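Some notes on the structure that comes next.
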Amino acid sequence: NADCHVVKETVQSISFNGKRGDDLMFIYSESYPGLKKVRNEFSVPISDAKVKVQYKNLAFKVIGVEGTTLRYIVLPSN
């Protein structure tokens, strides 16, 4: 008999959800196998997003927004 080891990992994501005025809208999702998915909406002023957006342990910097397309760079989280 061989031991069977199953790795269950938390999956985190941030999705761009459009623009409202001078704010960028995002949806943070977190899921863990077998548990309820967590979903939170949040917004960030465009001027702040061009420096750094950090939510939980995810971080990125927005370098451009064109319609429904968001260009970004992933940053190290602190």
Side-chain angles (χ1 to χ4, degrees):
N1 291 341
D3 289 336
C4 179
H5 179 72
V6 177
V7 177
K8 293 185 177 182
E9 296 181 9
T10 301
V11 177
Q12 295 175 299
S13 68
I14 294 178
S15 302
F16 179 53
N17 195 31
K19 186 177 162 186
R20 184 179 306 143
D22 290 333
D23 289 345
L24 300 178
M25 312 302 290
F26 297 96
I27 299 172
Y28 169 81
S29 298
E30 181 177 292
S31 61
Y32 186 82
L35 296 176
K36 182 180 172 186
K37 187 175 187 176
V38 174
R39 184 174 186 241
N40 295 312
E41 295 183 16
F42 67 98
S43 63
V44 178
I46 294 173
S47 58
D48 292 350
K50 290 183 176 182
V51 176
K52 184 176 186 179
V53 175
Q54 180 148 358
Y55 195 87
K56 300 264 183 166
N57 63 342
L58 304 174
F60 61 96
K61 174 173 126 174
V62 173
I63 57 173
V65 181
E66 297 171 20
T68 59
T69 302
L70 181 80
R71 292 183 297 129
Y72 62 94
I73 298 171
V74 175
L75 301 173
S77 60
N78 296 341

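Just so it is clear, the structure is predicted and the values come from calculations on it, not from any experiment.
- Nearest heavy-atom pair, Pro76 versus Ala59, reported as atom, atom and distance to 0.1 Å: O-CB, 3.9 Å.
- How far CG of Leu24 is from NZ of Lys50: 9.0 Å, rounded to the nearest 0.5 Å.
- In the hydrophobic clustering of ILVMFWY residues, with side-chain heavy atoms under 4.5 Å counting as a link, Leu58 and Phe42 come out together.
- With rounding to the nearest 0.5 Å, the separation of CG in Leu35 from CD in Glu30 is 10.0 Å.
- Taking CD1 of Ile27 as the reference point, atom CZ of Arg39 lies at 4.0 Å (rounded to 0.5 Å).
- Within the model, atoms CG of Asp48 and CG of Asp23 stand 9.0 Å from one another, a figure rounded to the nearest 0.5 Å.
- Distance check: Phe16 CZ to Thr68 OG1 gives 7.5 Å after rounding to the nearest 0.5 Å.
- Taking a 6.0 Å sphere around CG of Asp22, one finds it holds 12 or fewer heavy atoms contributed by other residues, nucleotides or ligands.
- The cluster map of Ile, Leu, Val, Met, Phe, Trp and Tyr, joined by side-chain heavy atoms under 4.5 Å apart, puts Val74 and Tyr28 in the same cluster.
- Here the straight-line distance linking atom CD of Gln12 with atom NZ of Lys56 works out to 7.5 Å at 0.5 Å rounding.
- Classification of the Phe60-Tyr72 ring pair by plane angle, with boundaries at 30° and 60°, yields perpendicular.
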### Task
Please assess Val62 against Ile46 for the test side-chain contact (heavy atoms from CB on, under 4.5 Å), listing each intermediate value before the final yes or no.
CA-CA 8 Å; Val62 173; Ile46 294 173; over 6 Å; no
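- Checked against the 6.0 Å centroid criterion, the rings of Phe26 and Tyr55 do not qualify as a close aromatic pair.
- Within 6.0 Å of atom NZ in Lys52, more than 12 heavy atoms from other residues, nucleotides or ligands are found, so the atom counts as buried in its surroundings.
- Ile63 and Ile73 make their closest contact through CG2-CD1, 3.7 Å (heavy atoms, listed as atom of the first residue, atom of the second, distance).
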